[in-house]
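A quick write-up on the structure given underneath.
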Amino acid sequence: MDFQFGKKEEEFRSEIREFVKEHIPQNEYGHMFEEEHEDKSWEFSMSIAKKLAQKRWLTLTWPKEFGGMGASFMERLVFSEEVGYWGIPGVGMGVSGTAWVGPSLMLFGTKEQQEKYIPLIAAGDPDGVWCTGYSEPDSGSDLASLQTSCVRDGDEYIINGQKVWTSAAHRSRWCWMAVRTDSNVKKKHHGLSLVIVDMKSEGLTVRPLKNYVGLHYFNEIFLSDVRIPVENLVGQENNGWNHLMQALSFERGVALGFTASCRRMLDELINHTKETGLIKKTLVRQRLAELEADLEGARTLAYEAVWKMENGLSRIYEPSRDKANVDLLFEKMSRFGSDILGAFSQLDPLHADPRWAKIGGIYENLFHACPGIAIAAGTTDTQRNIVGQFGLQLPRSY
Amino acid sequence: MDFSFTKDQELIRKSIKEFFEKECPKDKVRELKEDKKGYDPKMWKKMVKLGYTGLVIPEEYGGTEGEFWDILIFMEEMGRNIVPTPYFPTVVFCAMPILEFGTEAQKKKILPKIAEKGEIWAYAQIEESSEQDASGITMSAAMSGEDYTLNGSKLFVSYANVANQLLVVARTAEAENPEEGLTVFIVDAGAEGVVCDVIPTTARDMRCELRFDNVKVPRDNILGEPGKGWAVVDYIQQHAAVLKAAEMSGGAHAVLNITVKYAKERKQFDKPIGSFQAIQHRLVDMLTEVEELQYLVYKAAWRINSGSPSRRLNSIAKAKANGVYHRVCYHGIVMHGAIGWTEEMDIGLYHLRTRSMEFDAGNTDYHNDLIASELEKSEPEFLTLFA
């Protein structure tokens, strides 16, 4: 047993912190929740993305020949932690491109596709921003039931349908979309395909879907006779489900930096209770300690998952276990933190006013971001299904 | 980073596991429930012979000079099998602080008896207030000539009924800070004026009331420095917290396994109950908690083993263990349905031990407060980087 990072990882961490000192403004941690909401913060995010690209950190796990740095799982963990703790924006440019579009294209895209799209992502270019069109109004957790049709017409496909909960669609140049290319199939998993859709296409409309606080993260996409060239098919036609599963496996580990975000928010809370003297109160002490223990646990488990990945051991259920665990931690943290801030926890994050906001407004943001976190990338309960099936070898429950 | 044990450590675990499986099946646990001594002297002898009571004791004092990891693994396996034995009070509560604070003469005299002969010791700290911090210690020890005289009583002293020797914490001077003026005494359990009564408790780990009526203790029988006994108590609590947490982690693992097995076998509505999400999701949450506890214990142990113990991690391990062990037992029993609530099932034997284990070496409130004290002292990185 050894819970220490190696020298290589510690050096990488120091290097990232030098970058933070130089480029990331202090005391603006609250903005990390609003990256895609405002034009101003999106522009800042993209400017940081450019700088990260120069360091090859934007796509650090990618192989060197595709513009990455060929980082290990442990280095990726360190990077994700620093991103989470310091609130480094722009790391994913809407997440899709760096996390799974690039790696998927490397795996089953054509050479032309690789040459056209991958350099734009790796460079942190605005034309390298992607969104992902999986969910539909009637297809959420049961993704294979999706209905958006994609019909071949000569050298083109014609797409009709609707996508929903599409994060960053309003900032994206391309959409990585799952569509139905064959509807006469016995099993719903057959007849699906993956395609690349130009967000500037005629017949494509993006409608903002604001969350209940009024923040603009995700969107609906309406597709009415949208035409794409056949070369925009990724992988084999009607083999989309397998490709999707491959792409989804890259999504694992997206939550790695979450515990570091929690660390920052808890550090801020502890610091606040020290400054105000609240830390002398028994109940506050008990709550802080409980959060500290939960966080230490979540972090240690996340490390275990990464260690297993690095060593080629089972990693089927661990990322799901950790996602569900962090969902619960975020919720508890938002509740305890808000209780400690008292009346000030009811401030409207959309109209943040430094005159009133405590700790930069991060707990007001977190409180209503929590449900979204617990839904994104598979709800807490969906994750539990996976852990039950693969971690405990229980019968499939859904 | 390495989340695995060495081959040697795996071998140690295997032999301990096999020993307990053979020597202490659940029938034995049930049998000892009604035993006056609360342990099986034959099994204890075998444990001593295998070197288990000398795991952390250096060879020069008759031990096997293992690492902290060895005793941690031992505690995990003992917890998995809920073995009724005076091991914890003897080795963790007494031998370990004697090794740390004892004079050379004390170590030479005492440690081989524990390591080689299996002499039983008990640790007396808790009193009527049930407080685990220094304020809970009010029993007095007055100096008279070359001796100290102990008067007062101690409660819930585990296995004092069969102990040869006791470590007793008493107040030798009044001070504003309750952590000052404490002294730890080595007391012969058979000394005149010591009276022991067993208190009936659910874990059957022989919790005793010890009354001291003008008990004379020679000055040489002080462990550590007079008046500075809190250092010894704190050392005991810090190390015992991690080892008790290891024991509880082993127990929680066992309960999870018992429940998962049952959920796969038991059928209702023609399906294993484990196929229902209401059951499955609870089992998943249990798995996460149990794995989390396991690694939190390892992390604290790793710091102890490498010579830089972390008070924060020690307390986290125990606070977590307290919560997790109970929750896993409670939900495990409920998921079994009515059968889970009967004495026929093993799962209840685990739950009967949770109160004892939660209290030993610090309950949740106590450790949470210690964690908060560590947080008060810490400097957050977001302030230091830009400073």
Side-chain angles (χ1 to χ4, degrees), chain A residues 1-6 9 17 20-21 26 29 74 85-86 263-264 267-268 270-271 273-274 279-280 282 284-290 292-294 296-298 300-301 303-304 306-308 310-311 317 321-322 324-325 328 381 383-389 391-398, chain B residues 1-6 9 69 256 260 263-264 271-272 274-289 291-293 295-296 298-299 301-303 305-306 312-313 315-317 319-320 323 364-365 367-376 378-383 385-386:
Chain A
M1 291 285 161
D2 178 7
F3 294 87
Q4 242 169 340
F5 284 100
E9 286 109 27
R17 290 192 178 182
V20 168
K21 269 188 182 169
Q26 295 178 57
Y29 194 73
M74 279 294 163
Y85 192 83
W86 303 107
R263 181 73 265 168
R264 175 63 180 267
D267 278 359
E268 296 267 8
I270 293 164
N271 194 51
T273 62
K274 281 201 253 185
I279 199 163
K280 295 291 175 201
T282 302
V284 171
R285 295 172 77 77
Q286 292 286 321
R287 282 175 166 164
L288 291 178
E290 191 175 329
E292 179 74 15
D294 283 0
E296 190 66 42
T300 309
L301 272 192
Y303 285 13
E304 185 241 17
V306 175
W307 175 80
K308 279 184 175 170
E310 188 110 312
N311 288 279
Y317 78 94
R321 171 195 71 189
D322 296 343
N325 200 23
L328 301 179
D381 289 326
Q383 308 294 351
R384 286 181 171 122
N385 287 340
I386 295 169
V387 180
Q389 199 177 342
L392 292 170
Q393 283 80 44
L394 289 165
R396 196 181 133 136
S397 65
Y398 52 96
Chain B
M1 216 173 279
D2 186 357
F3 278 75
S4 66
F5 284 106
T6 64
Q9 288 166 339
W69 283 122
L256 172 67
V260 170
K264 286 176 182 173
K271 283 180 189 164
S275 67
F276 302 122
Q277 278 180 341
I279 299 289
Q280 196 172 118
H281 284 190
R282 283 161 92 184
L283 288 170
V284 166
D285 288 349
M286 280 163 67
L287 172 75
T288 306
E289 285 208 299
E291 292 192 337
E292 189 171 88
L293 170 61
Y295 289 113
L296 284 172
Y298 292 167
K299 201 165 182 180
W302 166 69
R303 289 288 297 266
N305 200 62
S306 52
R312 187 182 67 93
L313 288 173
S315 285
I316 285 176
K320 267 281 172 196
T364 310
D365 290 355
H367 280 291
N368 275 348
D369 201 69
L370 291 183
I371 295 167
S373 298
E374 294 306 306
L375 296 180
E376 266 186 285
S378 69
E379 271 292 316
E381 286 180 312
F382 74 88
L383 286 181
L385 184 75
F386 290 103

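Order of the sequence lines fixes the chain letters, A, B, ..., with proteins taken first and strands second; residue numbering starts at 1 for each chain. All values below come from the heavy atoms of this structure, side chains included, with hydrogens, waters and symmetry mates left out.
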With chain A as the partner, which of [options] has the greatest number of non-hydrogen pairs under 4.5 Å?
options	result
Leu375(B), Leu293(B), Thr364(B), Val260(B)	Leu375(B)
Ile316(B), Leu256(B), Asp2(B)	Asp2(B)
Ile371(B), Asp365(B), Leu287(B), Leu313(B)	Asp365(B)
Lys264(B), Lys299(B), Lys320(B)	Lys299(B)
Phe382(B), Tyr295(B), Phe276(B)	Phe382(B)

Can you tell which part of [X] gets under 4.5 Å to a heavy atom of chain B, answering side chain, backbone, both or neither?
X	value
Lys21(A)	both
Gln383(A)	neither
Glu268(A)	both
Ile270(A)	side chain
Leu301(A)	side chain

Tell me if the aromatic rings of Tyr303(A) and Phe3(A) count as close, with their centers under 6.0 Å from one another. no

On a heavy-atom basis, which atom in Ser397(A) and which in Ser275(B) lie closest, and how many Å separate them?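 Heavy atoms of Ser397(A) and Ser275(B) come nearest at CB-O, 3.3 Å.
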
Side chains of Phe3(B) and Thr300(A), heavy atoms from C-beta outward: is any pair under 4.5 Å? yes

Student check: side-chain heavy atoms of Tyr317(A) and Leu392(A) closer than 4.5 Å: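 Side chain of Tyr317(A) against side chain of Leu392(A), heavy atoms only: no contact under 4.5 Å found.
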
Look at Asp285(B) together with Arg282(B) and state whether they make a salt bridge at an N to O cut-off of under 4.0 Å. no

Would you call Glu381(B) and Arg263(A) a salt bridge, taking side-chain N to carboxylate O under 4.0 Å as the test? no

Measure the spacing between CD of Gln4(A) and CZ of Arg303(B) and express it to the nearest 0.5 Å. 8.5 Å

With only heavy atoms counted, which part of [X] is less than 4.5 Å from chain A, the side chain, the backbone, both or neither?
X	value
Thr6(B)	neither
Leu383(B)	side chain
Arg312(B)	side chain

With no hydrogens and no angle check, just 3.5 Å: does a side-chain donor-acceptor pair link Asn385(A) and Gln277(B)?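 The answer is yes; a qualifying pair exists.
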
Strictly by modelled atom types, are Arg285(A) and Thr273(A) linked by a side-chain donor-acceptor pair under 3.5 Å?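 Side chains of Arg285(A) and Thr273(A): no pair found under 3.5 Å.
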
Using a cut-off of under 4.5 Å on heavy-atom pairs, state which of Arg17(A), Arg287(A), Gln393(A), Arg396(A) scores highest against chain B. Arg17(A)

